[in-house]
> 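Quick one: structure below, then a few questions.
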Amino acid sequence: MWKILGEDAIYIDIPETWKRRMIALAGEGEKPEKFKKIVGESEVTYLLNGTTEEHTFFIHLSDDVSPEDIQALADVTLDILKASEHPCISVEGQIQKYQVIITNYHEPEIIGKNKTPGMSSGAVFMPIIKGLDSPGRMNANTDKSNMW
């Protein structure tokens with residue numbers, strides 16, 4: 001059985017269980033309240049690296065979160081994980097390695113319903129294609145002495 005901060009969870013519920021438990025364990029005060037607000041509004045995802053057996057929790061922030069708020073978020077996250085009576089994640093009683101990544105990077109979606117504007121495969125490669133067939137541009141590696 002999987003345990004996230006002391007609470008049983010099935011694999012597909014790990015990110016939501018982690019998010020809920022982190023918010024519950026945040027405590028009271030200015031920084032914890034800010035933490036609850038930011039994490040509550042953020043998407044949390046989970047990744048298990050089967051090779052290294054390391055568990056990763058990603059907190060995906062919106063672009064309007066200030067650097068000061070990110071620092072507060074990191075401080076409270078560290079405080080919660082240090083003070084918790086339960087390991088962040090354990091599987092069948094074995095404490096697991098984990099990491100928490102706080103990010104506001106958004107991978108552009110190249111294909112699909114929510115395609116990022118300007119990121120279709122043609123748009124991504126168009127500068128390269130134009131550079132290859134533009135008139136007046138010589139390949140820098142061409143030996144100019146053998147031109148004609």
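Everything quoted here is computed from the prediction, not taken from an experiment.
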> Sort and list the pairs that fulfil side chain to side chain donor-acceptor pair (under 3.5 Å) and have at least one residue in residues 6-16, not counting sequence neighbours.
Lys3-Asp8, Glu7-Arg20
> Run the side-chain donor-acceptor check on residues 88-101: report pairs under 3.5 Å with partners two or more places apart or on a different chain.
| residue | atom | partner | partner atom | Å |
| --- | --- | --- | --- | --- |
| Gln96 | OE1 | His55 | NE2 | 3.1 |
| Gln96 | NE2 | Gln94 | O | 3.0 |
| Lys97 | NZ | Thr52 | O | 3.2 |
| Gln99 | NE2 | Glu54 | OE1 | 3.3 |
| Gln99 | NE2 | Thr56 | OG1 | 3.0 |

> What donor-acceptor contacts under 3.5 angstrom involve side-chain atoms of residues 77-87, with partners at least two apart or in another chain?
| residue | atom | partner | partner atom | Å |
| --- | --- | --- | --- | --- |
| Thr77 | OG1 | Leu73 | O | 2.7 |
| Ser84 | OG | His86 | N | 3.1 |
| Ser84 | OG | His86 | O | 2.9 |

> At what distance, to the nearest 0.5 angstrom, does CG of Asp75 lie from CD of Gln71?
4.5 Å
> Would you say the side chain of Glu28 lies within less than 4.5 Å of the side chain of Lys36, judging by non-hydrogen atoms?
yes
> Would you give the length of the straight line joining atom OH of Tyr46 to atom CD1 of Ile4, rounded to the nearest 0.5 angstrom?
6.5 Å
> What donor-acceptor contacts under 3.5 angstrom involve side-chain atoms of residues 58-65, with partners at least two apart or in another chain?
| residue | atom | partner | partner atom | Å |
| --- | --- | --- | --- | --- |
| His60 | NE2 | Thr45 | OG1 | 2.9 |
| Ser62 | OG | Asp64 | OD1 | 2.2 |

> Please list all pairs passing the salt bridge (Lys or Arg N to Asp or Glu O under 4.0 Å) test where one or both residues lie in residues 38-51, with sequence neighbours left out.
Lys37-Glu41
> Going from CD1 on Ile14 to CG on Leu47, what distance comes out if it is rounded to the nearest 0.5 angstrom?
11.0 Å
> Which heavy atom of Gly27 sits nearest to which heavy atom of Pro32, and what is that distance?
O-CB, 3.6 Å
> Applying side-chain contact (heavy atoms from CB on, under 4.5 Å), name anything that partners Lys34, two or more places apart in sequence or on another chain.
Glu30, Ile38, Asp69, Ala72
